Visitor: 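A single structure is presented below for examination.
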Amino acid sequence: MKYPCFAAALPALCLFSIASAALPVDYQARAEYSWTENIGRASGKADFRDAAAYETGFTAGTSRQLAPGLSGRLQLETAGYVCPDFEELNRATLGPRAVVSKKFGLGPEAPVLSAETAALARFADIDDSEGVTLHGAATLSKRIGPILTAQLRGEWQEHVADGATYSVHHRAVFAQLFADPFDWLRVGAGAGRYDGTFVAGASAARFGGALAGALGPKIANYYASIPTNVSGALQPGWTDYRVEGDVDQWWLELSPAVGDNLSFTLRYERAHATNIAGVEYRQDTFRLGVIYAF
Amino acid sequence: MPSAARSSALLAVALLAAAVRAGDLSALVRDAAGQPVADAVVSLAPLDAPAPPYAPDKHPVEIVQSGKQYRPYVTPVRAGTRVDFPNEDSVQHHIYSVSKPKPFEKPLYESGASESVLFDQPGVVTLGCNIHDWMVAYVVVLETPWFAKSDEAGRAAVTGLPAGRYALEVWHPRLAAPVRQEVRLAESGALEQAFELRLKPDRRVRRAPSGESKGY
Ligand SMILES: [Cu+2]
């Protein structure tokens, strides 16, 4: 476990580096409990494992107006993920993010187009998955009346990892809708599609079987051609492998707020992945989080 | 003293006395559930005589940007009043209004700086900050010097009113339309008025943080 103490020092590092630049800084801290079904992204029922995880995040940022209607934001962010049952999944990230937002007009209902880019270093128990995640996204937001907000988002991401299995990239588009039926409650729903390469996993027996043709020659040939890594993450011999494919994801979220700075999030997410060899699996995640803005 | 001169002198004294003699209006503003309503503006426009000319206040009227909010939320002023907007936050703020009586926009300004706006036309001016969408404030510009804003207990007191008839108006950000009625103030009279307002829900832009997608 080389990174937890480093991760613990990150918030202090963020605080210090931005505060020392004498800029008006805002901070956000979050903590989350999650329960993930099929945490190993396995396609065979026998390989399904469910697990709880704890995640914390901290962000320090500063915003400036660049031109009328155009604002810029720079932030440093860090996050840590701990899965007590499968410690090989533990990881942490740290890095800067820049956001430029253009608001077209005055008032809450004016549409906002923002573009962001981030470079996050990843530290993980699985050595081969360490590396840098490069991320870019564009989001168009529009408030519709006093209650609804609609968002369209497109993103691109590339993770340059130490091992080929974990060097993945994707493009994605999402549509999200939020409603604020009361000033203390936000309800949100969204759906999106990822297209690119992803890491999936299987027990040694199942992966070996697939390679031997148990799932047909097409899958055997495909799995023989892709990078793999025996990570032992979920059990001895557990194999991670990189596939090309797409993922449909949708989610529902309830977010009650207590005052101006504190909110809770209760979120259900479902992802359904299909790789180009036709193998499918799904993953469900329940999240219970708390966010505090300083 | 000739009698004509004496009677006109008496009349002048009587008029002066009438002008000096003043009444008070004390209002209690509640919502439909009987709870006190703060930030209601109670104003009285004279119907029998023109309102006295505007005399600028010695103390500047301020709406402060503090804690990423405008404080106070509601500010009643006489038409012709200049309002200062000092930024007491460490972050930049902006002010704009698209309201008919005073559309304007002040570009983003720094901590410690201040902007000033003259409100010369009567009406309600809604203020916003285009960076912090939840920031909102109201300037209620009135053509009468007689007005007050209700406190947390729902109480508003207007004092020093010459006797006569007035168009009384109660305004609140959550009222669909102001409550209007005619009242008559007797010389040195004290009038108590209770108002029950049917308020719309308080729909403000959420300020609390929101979660984000975790990706895949
Ligand atoms: Cu602001």
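Everything numeric in this text was worked out from a predicted model, so none of it was measured. In what follows, every chain begins at residue 1, and chains take the letters A, B, ... in the order their sequences are listed.
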Visitor: What part of P201(B) gets within 4.5 angstrom of chain A, counting heavy atoms only: side chain, backbone, both, or neither?
Guide: neither

Visitor: Applying a criterion of heavy atom separation less than 4.5 Å, what residues of residues 188-198 of chain A form contacts with chain B?
Guide: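 When heavy atoms of chain B are the reference, residues 188-198 of chain A contributes Y194(A), F198(A) within the under-4.5 Å range.
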
Visitor: Measure V205(B) against the heavy atoms of chain A and call it side chain, backbone, both or neither at under 4.5 Å.
Guide: both

Visitor: Mind checking ring-ring contact (aromatic ring centres under 6.0 Å, His included) for F104(A) and listing every partner two or more places apart, or none if nothing turns up?
Guide: none

Visitor: Could you pull out all donor-acceptor pairs under 3.5 Å where a side-chain atom in residues 151-158 of chain B meets a protein atom, sequence neighbours excluded?
Guide:
{"unit_1": "D151(B)", "atom_1": "OD1", "unit_2": "A153(B)", "atom_2": "N", "d": "2.9"}
{"unit_1": "D151(B)", "atom_1": "OD1", "unit_2": "G154(B)", "atom_2": "N", "d": "3.1"}
{"unit_1": "D151(B)", "atom_1": "OD1", "unit_2": "R155(B)", "atom_2": "N", "d": "2.8"}

Visitor: Using a 4.5 Å cut-off on heavy atoms from C-beta on, say whether the side chain of Y70(B) contacts that of Y138(B).
Guide: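 Answer no - side chains too far apart.
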
Visitor: Does any backbone or side-chain atom of P68(A) lie under 4.5 Å from a heavy atom of chain B? Answer side chain, backbone, both or neither.
Guide: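 The answer is neither part of P68(A).
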
Visitor: If I measure from the heavy atoms of chain A, does S111(B) come under 4.5 Å with its side chain, its backbone, both, or neither?
Guide: neither

Visitor: Answer with side chain, backbone, both or neither: which region of E269(A) has an atom nearer than 4.5 Å to a non-hydrogen atom of chain B?
Guide: side chain

Visitor: Going by the angle between their ring planes, with limits at 30° and 60°, are F104(B) and F85(B) parallel, tilted or perpendicular?
Guide: tilted

Visitor: With a 4.5 Å heavy-atom cut-off (strictly below), which parts of residues 135-158 of chain A touch chain B? List them by number.
Guide: R143(A), P146(A), I147(A)

Visitor: Does atom CD of E212(B) have more than 12 heavy-atom neighbours, drawn from other residues, nucleotides or ligands, at distances under 6.0 Å?
Guide: no

Visitor: Looking only at non-hydrogen atoms, find the nearest pair between S99(B) and S97(B) and report the distance.
Guide: N-OG, 3.0 Å

Visitor: Between L262(A) and chain B, which part of the residue has a heavy atom less than 4.5 Å away: side chain, backbone, both or neither?
Guide: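 Looking at L262(A), just its backbone touches chain B.
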
Visitor: Taking the six-membered ring where the residue is Trp, are the ring centres of Y268(A) and W35(A) under 6.0 Å apart?
Guide: no

Visitor: Count the heavy-atom pairs under 4.5 Å between each of V91(B), V136(B), N130(B) and chain A, then report the option with the highest count.
Guide: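 The residue among V91(B), V136(B), N130(B) with the greatest pair count is N130(B).
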
Visitor: At a 4.5 Å cut-off on heavy atoms, which part of Y96(B) comes close to chain A: side chain, backbone, both, or neither?
Guide: side chain

Visitor: Name the region of L185(A), side chain, backbone, both or neither, that has any atom closer than 4.5 Å to a heavy atom of chain B.
Guide: backbone

Visitor: Answer yes or no: are there more than 12 heavy-atom neighbours, outside R71(B) itself, under 6.0 Å from its atom CZ?
Guide: yes

Visitor: Does any heavy atom of chain B fall under 4.5 Å from the side chain of D260(A), the backbone, both, or neither of them?
Guide: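 Looking at D260(A), backbone and side chain both touch chain B.
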
Visitor: Name the orientation class of the two ring planes belonging to H132(B) and W134(B) (parallel below 30°, tilted from 30 to 60°, perpendicular beyond 60°).
Guide: tilted

Visitor: Between R97(A) and T59(A), do the side chains contain a donor N or O and an acceptor N or O under 3.5 Å apart?
Guide: no

Visitor: Does the S34(A) side chain pair with the main chain of F286(A), one donor and one acceptor, at a distance under 3.5 Å?
Guide: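 Here the side-chain-to-backbone pair does not exist.
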
Visitor: Under 4.5 Å heavy-atom distance to chain B, tell me which part of T265(A) shows up: side chain, backbone, both or neither.
Guide: side chain

Visitor: Which heavy-atom pair separates A79(A) from R30(A) by the least distance, and what is that distance?
Guide: CB-NH2, 3.9 Å

Visitor: Name the region of A271(A), side chain, backbone, both or neither, that has any atom closer than 4.5 Å to a heavy atom of chain B.
Guide: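 A271(A) touches chain B through side-chain heavy atoms alone.
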
Visitor: Is the backbone of P209(B) close enough, under 3.5 Å, to the side chain of Q28(A) for a donor and an acceptor to pair up by distance?
Guide: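 Not at all, since once roles are kept as given, no pair shorter than 3.5 Å links the two residues.
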
Visitor: What part of Q249(A) gets closer than 4.5 Å to chain B, counting heavy atoms only: side chain, backbone, both or neither?
Guide: side chain

Visitor: Is it the side chain or the backbone of A110(A) that comes within 4.5 Å of chain B heavy atoms, both, or neither?
Guide: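 Interface part for A110(A): neither.
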
Visitor: Just checking, R91(A) and Y166(A): is the charged tip under 6.0 Å from the six-membered ring centre and within 45° of the axis?
Guide: no

Visitor: Q65(B) and M135(B): side-chain contact (heavy atoms from CB on, under 4.5 Å), yes or no, with the steps?
Guide: CA-CA 9 Å; Q65(B) 295 162 325; M135(B) 286 177 71; 4.2 Å; yes

Visitor: Does any N or O in the side chain of S263(A) come within less than 3.5 Å of the main-chain N or O of P256(A), such that one atom is a donor and the other an acceptor?
Guide: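 Absent.
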
